[in-house]
Each structure stands twice: as structure tokens, then as C-alpha cells.
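See structure below.
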Amino acid sequence: MVTLNFTFAALKFYSTMDRKVRVRFAPSPTGPLHMGGVRTALYNYLFAKKHDGDFLLRIEDTDQTRYVEGAEAYIQEALKWCGILPNEGQGYGGDVGPYKQSERKEQDLYRKYAQQLLDEDKAYYAFDTPEELEQMREDLKKAGVAAPQYNAISRMRMKNSVSLSTEEVEKRIANGDPYVIRIKIPRNEEIKFKDMIRGWVSVHSSNLDDKVLYKSDGMPTYHLANIVDDHLMNITHVIRGEEWLPSAPMHVYLYEAFGWENTRPEFAHLPLLLKPDGNGKLSKRDGDRLGFPVFPLEWQDPETKEVSSGYREKGYFPEAFVNILAFLGWNPGTNQEVFSMEELIESFSFERVGKAGAKYDPDKARWFNQQYLRSKSNEAIADELLAFHDEIEEIKQVEKPYLAEVCGLMKERATFLADIPREGAYLFHPADDFDEKTVRKKWKEDSAGLMEEWADELESLNEFTAEKVEESFKSFLEKKELGIGRVLPLFRLLLTGQGMGPSMFAIAALLGKEESLKRMKNGISTLG
RNA sequence: GCCGCGUUCGUCUAGGGGUCCAGGACGCCGCCCUUUCACGGCGGUAGCACGGGUUCAAAUCCCGUACGCGGUACCA
């Protein structure tokens, strides 16, 4: 047995080695793409790029009842924002399209494969009504069957082309009776495959259901469409979420039933993304509850009009978002944590993807964004502020070089772009009021007089640079025989209204002599 | 219930029999730097789910238990 497995694995290895790597991301347009979905797309993308392969986007919309307006456009936009760009697929063209299953169905691409299975006695027609199915499951449960299924045993008591006579089946079909096509899972077989992340996964066929492959509405189910499309699109590796692991053996069996086992893709089932507190997978609700987005982009439900926040709108950089996602389930095995997309491609491998679900940590996510913000040049940050935050009045009221200098001053204490103009609002216009606590602690009776003297010193400066202001300030302290902590907070209070912030001399220099003196004068008269 | 997958600091994780009285990062705490806040530096807190094996030696291998998650649809 061991020898057999080894041989099988070796054969598989060779058969996929000489094929160009082709992977696909295949979401259903049933709503906005969840960050877990984006991560699946990302891992597919990284794997494809790493191996000079293709990354395709396929839309799996076989369930017409769950179609949501705008969801497909959302998927496209989200991937674009993240820089996870398909080089083939829906919206990108390619030789093996269409890339949308509803359109493929129009071309009748699926029915013939179901027919092939029917002809080879590997699938059968079933006429059972939903009520009959429910009844069967109930009866089996009552009879003490632990896992009621439509399988090799129970199928004999149902209405299908295995249990019914040929004449009866033909009559029903001719009559137009609704039917589905079910896969005929063999009764006693061990089905195994080697998952790239989990190793050997083995399930006995008695635990598999005779799943519906073709629905009575004429649409294939996911199971059929997925296998047929992956085969027709020459997919070499199926990288998807762990929720698919239970049906993977059935998919493996389907490849065998079709006679496609030699080109069957490899599987990698990704660990789930879990909610930050407690257990269970990350859901839309958790974001609302804990105050962080679970979607890449903001989304408004077309029916309920309910708005879900997005990483983009919250101020996350796409590079940071990708970096965050990459580290939820994968790590490079080194101490490096900040990775560009290129570096991720270079380092990515399934050997370093974990098996256990990863709890999402919003704090760590913020930290990543901060790292990216700090690593950008002042000019780049100014550009991004102007491009993405035109709702902020301040940034439009100054020249860009000035804005860039503000960014330089503020970026080390900010996490998001918008923090800069908010926390540094006083660099754009005088503060509305003075920080009460600082006034109480620092503004004494003699403060006004002291600041007037200091203003005179500033007035006499010819060069109003940070260095000159500092120099002048030092000699002022010496002259007055005062400590820096007595005087500087007053200066800061007058110019910024705050008790904290970046270097006071840099602030004064940035504001300029005239503005600095004006603020001092106004402040002194207000505070007395 | 049944089937499958999983389980190292609060969180993300390194670790694939000895070099681990378990390393890094986020968070938290303390100290230093600083007018202040932040940054930075230094230090600290805290973990191998449990029980049996195997072995001279186990976080690492095997079995079991517990717990968690996923699946159990004519949804994907």
C-alpha cells in the first residue's frame, strides 16, 4: 500500500511538472468579496507568478437565485485595488472562455459531460421531490442511520434510473418530469489525494453522497461545473478555502470518472480566517461589532442599502492590505514581515502555509499600515493624500511642497493618511482652541510676559529656519535662566494649541516667521 | 449525530527527535531618549491542550481523549 501511494505520487509529480502552471480564482457573485476570499485570490496569484504561470478569474454564477447586483463588478474592482491582476479570465479575455459559468451554460458546455457519465453508468437520473428527499433523510435517521445520505444503499428506495425500470425512466423524461442528474458514488472504495498543505487526505466512499451534478433548472451544480471548467481551462492547481475539503474526495472521484486523472489538478486547501475574539470564521458581523472592515472596498447592499466598510475607505494602503492578508496563514520562515508583492511572489510556497485557522488581529493590521506609511517619501504621501482624500479641506488650501513637509513632520506618529491633516490641523490653520490641560498645567501668571519677550527675539531673526530658531531659543533660555520645560510648552501651546507634537522648531520654521508671530500675539491676548 | 480537518505566548507564528528551561512580531508593562506625543533603543510579561506510548532523548513520531472549526442542500 505504501509503495503504491509513493508510485502514484511520483506519477502525479511528473504529470504536472511539464505543464504550465495555471490557477484560477473562482468566486460566486453573491455579494461583496470577503477578505478571506481576497486572500485565496492572493495565494493563487502568488503561486502563479512564482512559477511563471497563469492566474485566471472565473465567475461561478450557477446559482441564479443568489445573484447579487454589482457583486461581479465589486470583485473586479477589489482585485484591481489589491494589484492581484488576472492575466486571463472574466474581463481579461483568453482562449478558453467564456469565463462566466452562466455564459458557458448557454453554450451547452456542461450537459454533454453529464451525459458522458450517464452513458457510462457513472451517473443517473433522479426524480425525487424535495419532500421525498426530506422524508428519506428523516426515515433513515429514525432507523438509526447516523449519516442519512443519498448513496449506494438508499438510492435503491428512491425514484431514479437505478431503481426504476428503463421504461419508467423514459416515460418520465418524455413526460417532461423534472429531474436531476446525480453522481453514482461507488459503494466500497477508499478515495485519497495528497493535499499540498495537508498531506494525504483519505475518505471512504460510503461517507460520500450521490451529489447532484445537474439541477432540474438546467444548470450544473458547482461540483460539475467546477471540474469540467478546471479541466477545459487546463488548471493545474486548485487553491481554495478549507470549506471545500469535505467535497474534495468527490471531486477527485469525478476526475477519475471522467478519465481525467492524469491531468487532475493538485489541491491546496487553505486554512480559514477566524474572528479576532472567540471562535468561528470571520464574518461581516464581526467587523461591525469590533470596528474593523472585513471587505476590501466599501459596499452598499443593493437591497437593504446597508453599508459595510472597506479597507480602502478606512485608509489602508493596498500594499499593506495585501501584506496583512499574506501573513494570515503564511510566513516566510524569517524575521522579515514587511513584504512587497514582488517579495511575496519570490518567497511564497505552500510548504510554509499553515494548517490551522488564523485569527485576524486588527492591531497587527494597523501596524502594517503604519510601516508602509512611514516608508513612503513625503512627496508620495502628499500625492496620495491629494488623490484619495479630497474630502479633507486643509490639504487643498496649501501648496504641495508645504503639504509634503507637513507629511514629513507627521508621518511617524500616524497610522493612516488621514491622520496627518487631522492631527496636524494646526499646520494648516490656527487651532480653534487651546488644550485645556496644557493651559492649566503650563500657563502661569508670568507666561504672557515671557512669551512676549520670546516673540521679540523671534522678530529679530533674519533667517527663520529650524536651526536658527532653536539656536535663538537656547540663548533665550540662558539669558532668562529658565529650563526648557518651562518655556517650550508655552511656545507650542501658542503656535499649535497642543501640548504635544513634533519638534517645535521645525513647526515654527514651517509656519514661517509672520504666521508664528501672529499666532503668538493672538494666543497671548487670548490666554492673558 | 456522522464525516473530515485542526490544536506552540492574548494574537500571527518559528520550530519537522538532542543545539529549545522554546525564537521573532503585534499587543501590554517598565526603563532610556525627548519640551511633549510618536519614533527608536533596551528589558519584561506570557505558550508546546490533556493522557498514554515509542526512544538514551519528544513541542517535534504513534495512539487515545478533550476542545475548536468545516462539511453534512437541486449554495457556492
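Note that the coordinates shown come from a computational prediction; the quantities given were computed from them, not determined experimentally. Reminder, nothing fancy here: chain letters follow the sequence lines and each chain counts from 1.
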Exercise for the section: Mind listing the residues from residues 435-443 of chain A sitting with a heavy atom below 4.0 Å of RNA chain B? Number order is fine. Expected result: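 Those residues: none at all.
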Practice task
Name every residue in residues 494-509 of chain A that has at least one heavy atom under 4.0 Å from any atom of RNA chain B, in order of residue number, or write none if there are no such residues.
Solution key: A/G499, A/M500, A/G501, A/P502, A/S503, A/M504
Problem - Side-chain donor/acceptor of A/N369 to backbone N/O of A/F317, under 3.5 Å - result: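 Pair found, side chain donor or acceptor close to backbone of A/F317.
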Which part of the nucleic acid, if any, lies within reach of [X] when heavy atoms closer than 4.0 Å are counted: base, sugar-phosphate only, or nothing?
X	value
A/D128	base
A/R182	sugar-phosphate
A/R374	sugar-phosphate
A/G241	nothing

Carboxylate-amine/guanidinium proximity below 4.0 Å for [X] and [Y]:
X	Y	answer
A/R58	A/E60	yes
A/K159	A/D128	no
A/R24	A/D230	yes

Provide, to the nearest angstrom, the distance between the [atom1] atom belonging to [X] and the [atom2] atom belonging to [N].
X	N	atom1	atom2	result
A/D217	B/A76	CG	P	9 Å
A/M451	B/U35	CE	P	15 Å
A/K359	B/G6	NZ	C1'	14 Å
A/I420	B/A38	CD1	P	17 Å
A/Y222	B/C74	OH	P	17 Å
A/K355	B/G4	NZ	C1'	15 Å
A/R413	B/U35	CZ	C1'	12 Å
A/K192	B/G4	NZ	C1'	15 Å

Handout entry: Annotated protein contacts, base or backbone, on nucleotides 66-71 of chain B with a non-hydrogen cut-off under 4.0 Å, one of B, S, - each
Key = --SSBS
Problem - Letter per nucleotide, 5' to 3', of nucleotides 26-34 of chain B [B base touched, S only sugar-phosphate touched, - untouched; heavy atoms, 4.0 Å] - result: BS-------
Of the nucleotides [options], which one has an atom closest to the side chain of [X]?
X	options	result
A/R137	B/G24, B/C74, B/U35	B/C74
A/R492	B/U36, B/C74, B/G4	B/U36
A/A356	B/G24, B/U7, B/C74	B/U7
A/D63	B/C74, B/C75, B/U11	B/C75

Nucleotide forming a Watson-Crick or wobble pair with [N], both distances under 3.5 Å:
N	result
B/C37	none
B/C42	B/G30
B/U55	none

Practice task
Ignoring backbone atoms, test whether A/K215 places a side-chain nitrogen or oxygen under 4.0 Å from the OP1 or OP2 oxygen of B/A76.
Solution key: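 Yes, A/K215 has a side-chain N/O under 4.0 Å of OP1/OP2 on B/A76.
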Handout entry: cation_pi(A/R182, A/Y124) dist<6.0 Å, angle<=45
Key =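 Pair A/R182/A/Y124 does not count as cation-pi.
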Problem - Quiz item: cation-pi between A/R155 and A/Y150, 6.0 Å / 45° - result: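 Geometry flag: not set, cation outside 6.0 Å or 45°.
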Indicate, with yes or no, if the rings of [X] and [Y] have centres closer together than 6.0 Å.
X	Y	value
A/F350	A/W330	no
A/Y222	A/W244	yes
A/F368	A/F321	no
A/Y125	A/Y179	yes
A/Y311	A/F295	no

Problem - Which residue lies more 5' along RNA chain B, comparing A/K211 with A/E412 via nearest heavy atoms - result: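 Between the two, 5'-proximity favours A/E412.
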Practice task
Taking ring-ring contact (aromatic ring centres under 6.0 Å, His included) as the test, write out the residues that go with A/Y426, two or more places apart.
Solution key: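 A/Y426 satisfies ring-ring contact (aromatic ring centres under 6.0 Å, His included) with no residue once adjacent residues are dropped.
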Exercise for the section: Describe, in one word, how the ring planes of A/Y43 and A/F348 are oriented to each other, choosing from parallel (under 30°), tilted (30 to 60°) and perpendicular (over 60°). Expected result: tilted
Handout entry: B/C75 base / A/R66 side chain donor-acceptor hit below 3.5 Å
Key = yes
Exercise for the section: Would you kindly check whether a donor in the side chain of A/T221 faces an acceptor in the base of B/C74, or vice versa, at under 3.5 angstrom? Expected result: no
Practice task
Could you go through the salt bridge (charged side-chain N to carboxylate O under 4.0 Å, His left out) check for A/K355 and A/D195 one step at a time?
Solution key: CA-CA 11 Å; A/K355 295 178 175 72; A/D195 187 274; over 6 Å; no
Close N or O pairs between protein and nucleotides 14-16 of chain B (under 3.5 Å):
{"residue": "B/A14", "atom": "OP1", "partner": "A/N331", "partner atom": "ND2", "Å": "2.8"}
{"residue": "B/A14", "atom": "O3'", "partner": "A/R352", "partner atom": "NH2", "Å": "3.2"}
{"residue": "B/G15", "atom": "OP1", "partner": "A/R352", "partner atom": "NH1", "Å": "3.2"}
{"residue": "B/G15", "atom": "OP1", "partner": "A/R352", "partner atom": "NH2", "Å": "3.1"}

